[in-house]
Amino acid sequence: HSSEARRTDLMTITRHVLNEQSKYPESRGDFTILLNHIVLGCKFVCNSVSKSGLAKLLGLAGETNVQGEQQKKLDVLSNEVFVKALVSSGRTCILVSEEDEEATFVEPSKRGKYIVVFDPLDGSSNIDCGVSIGTIFGIYSVKDMDNPTLNDVLQPGKDMIAAGYCMYGSSCTLVLSTGNGVNGFTLDPSLGEFILTHVDIKIPKRGKIYSINEGNAKNWDMPTTRYVQNCKFPEDGSSPKSLRYIGSMVADVHRTMLYGGIFMYPADKKSQNGKLRVLYEVFPMSFLMEQAGGQAFTGKKRALEIVPEAIHERSPVFLGSYDDVEDIKAMYAAAA
Ligand code: AHG
Ligand code: MN
Ligand code: MN
Ligand code: MN
């Protein structure tokens, strides 16, 4: 239809999700209400991040989290905003946050059927220098809403019903999948709405970029070392890949999603399970990559097959373009 019609045909994230949910006759809008509260949290953090220098939100909060990291003020603030928004939605029963040692069990009067695992502020080390940061979340359904248990959370990522991230960069972009492909929405500050801007994102089958913290090279295992070496000195005489590493998973994954390539946080001698947390970093990003036609691998198995035993468990992860991940799977298979 005409560009005029398109201009007034605002496809907001709410409308887009309502359209998707209308495929499920039994859905009563609970998921849409939950998502709206996640979106509210993202809008708040986006606003805080853009004003952080002015609102004295830079620097340390003076606490250390369960990860052993010094919490930044914005880590704590964004965590509080998301917990409050999710509880007040009345659609959640368990919350797991990077910044809370224990899972939050929502009081019965406010309980709903969804479990949300989230990293309220990803890339905290980049806050003070203004480099892109983000929020990552994954959503499970609870088995028995009247009796939510931790076991409901310790489920493989393939059982998630939705996953997404919001990147606070030059613009505020929310990328979401509810299991039917991946779509991207950009915040229009004049409307305060996330508008559909990236329809049905598909990651290129192969990319020209590899993304890894080369500073850990001394501690890598053989397959990772061989793979990275091949990125720089291709054995087949093809041109070397470019290295891009931002240090915020959300930004590195978003670039990988749009441009193709591979993002890696491998195990190393110091940390056998790598650094990234399974529930609220590895699973949501792996879910999105598979929905976009890519894949995610732990060095041993498909990332979404991990069955976590603890809510802050970590795993190595290699994710991105399908063919690039195939290459590193071959390196690990050859070393097995
Ligand atoms: P967070 O800020 O939520 O703790 O996550 C930081 C993670 C992730 O964003 C990024 O990919 C990784 O840390 C970078 O780690 P290195 O600085 O060790 O490369
Ligand atoms: Mn952290
Ligand atoms: Mn993180
Ligand atoms: Mn974080």
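The model shown is predicted, which means the values in this text are computed figures rather than measured ones. Note that ligands are numbered from 1 as they come in the structure, with each ligand's atoms numbered from 1 the same way.
Ring pair Phe118/Phe82 is tilted by interplanar angle, where 30° to 60° counts as tilted.
In Asp122, the N, O or S atom that comes nearest to the Mn ion (ligand 3) is OD1. Of all the N, O or S atoms in Glu281, the one closest to the Mn ion (ligand 3) is OE2. Taking the Mn ion (ligand 3) as reference, Asp119 places its N/O/S atom OD2 nearest.
At a 4.0 Å cut-off, not a single heavy atom of Gln67 sits close enough to ligand 1 to count as contact. Contact annotation: Gly247 has at least one heavy atom less than 4.0 Å from an atom of ligand 1. Under a 4.0 Å heavy-atom criterion, Ile246 is not in contact with ligand 1. Between Asp122 and ligand 1 there is a heavy-atom distance shorter than 4.0 Å.
Of all atoms in ligand 1, listed by their number and element, those nearer than 4.0 Å to a heavy atom of Asn213 are 16 (P), 18 (O), 19 (O). For ligand 1, the atoms closer than 4.0 angstrom to any heavy atom of Glu69 are 4 (O). The ligand atoms of ligand 1 that sit less than 4.0 angstrom from a heavy atom of Ser124 are 2 (O). Near Leu121, meaning under 4.0 Å from one of its heavy atoms, ligand 1 places the atoms 2 (O), 3 (O). Of all atoms in ligand 1, listed by their number and element, those nearer than 4.0 Å to a heavy atom of Tyr245 are 14 (C), 15 (O), 16 (P), 19 (O). In summary, the atoms of ligand 1 found under 4.0 Å from a heavy atom of Glu98, numbered by their order in the structure, are 3 (O), 4 (O). Close contacts of ligand 1 with Met249, meaning ligand atoms under 4.0 Å from a residue heavy atom, involve 8 (C), 9 (O), 10 (C), 11 (O). Residue Glu281 approaches ligand 1 through these ligand atoms, each under 4.0 Å from one of its heavy atoms: 3 (O), 5 (O).
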- Task: Begin with the C-alpha distance, continue with both residues' side-chain angles, and end with the deciding distance and a verdict on side chain to side chain contact (heavy atoms under 4.5 Å, CB included) for Tyr227 and Met264.
- Result: CA-CA 11 Å; Tyr227 179 79; Met264 301 171 268; 3.9 Å; yes
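Expressed to the nearest 0.5 Å, how far CG of Asp327 lies from CZ of Phe297 amounts to 12.0 Å. To the nearest 0.5 Å, the span separating NE2 on His198 from CG on Leu174 amounts to 12.0 Å.
Between the side chain of Asp100 and the backbone N or O of Glu102 there is no donor-acceptor pair closer than 3.5 Å. In this structure, Asp221 contributes its side chain and Thr224 its backbone to a donor-acceptor pair below 3.5 Å. Between the side chain of His312 and the main chain of Arg277, no donor-acceptor pair closer than 3.5 Å is present. When atom types are taken as modelled, the side chain of Asp252 and the backbone of Gly247 share a donor-acceptor pair closer than 3.5 angstrom. The backbone N or O of Val45 lies less than 3.5 Å from no partner atom in the side chain of Ser78, so there is not a single donor-acceptor pair. Without hydrogens or angle criteria, Asn230 side chain to Glu235 main chain gives a donor-acceptor distance under 3.5 Å. In terms of modelled atom types and a separation under 3.5 Å, the side chain of Lys113 and the main chain of Val142 share no donor-acceptor contact. In this structure, Thr135 contributes its side chain and Pro120 its backbone to a donor-acceptor pair below 3.5 Å. Proximity of a side-chain donor or acceptor of Asp324 to a complementary backbone N or O of Arg206 within less than 3.5 Å is not detected.
Among the backbone and side-chain atoms of Glu98, an N, O or S atom lies under 2.8 Å from the Mn ion (ligand 2). Residue Glu69: an N/O/S atom is found under 2.8 Å from the Mn ion (ligand 2).
Ranking protein heavy atoms by distance to atom 7 (C) of ligand 1, first place goes to Leu276 CD2, 3.9 Å. Scanning the protein heavy atoms around atom 3 (O) of ligand 1, the nearest turns out to be Asp119 OD2, 2.9 Å. Shortest contact from atom 18 (O) of ligand 1 to any protein heavy atom: Tyr265 OH, 2.7 Å.
Remark: Arg15 engages Asp9 in a salt bridge, criterion side-chain N to carboxylate O under 4.0 Å.
With a 4.0 Å cut-off on non-hydrogen atoms, Ser248 touches ligand 1 through its backbone and not its side chain. Residue contacts with ligand 1, taken as heavy atom pairs separated by less than 4.0 Å, do not involve Val250 at all.
For the residues Gln71, Met264, Arg277, Lys275, the heavy atom positioned nearest atom 4 (O) of ligand 1 is part of Arg277.
On a distance-only criterion, Phe263 and ligand 1 share no N/O pair closer than 3.5 Å.
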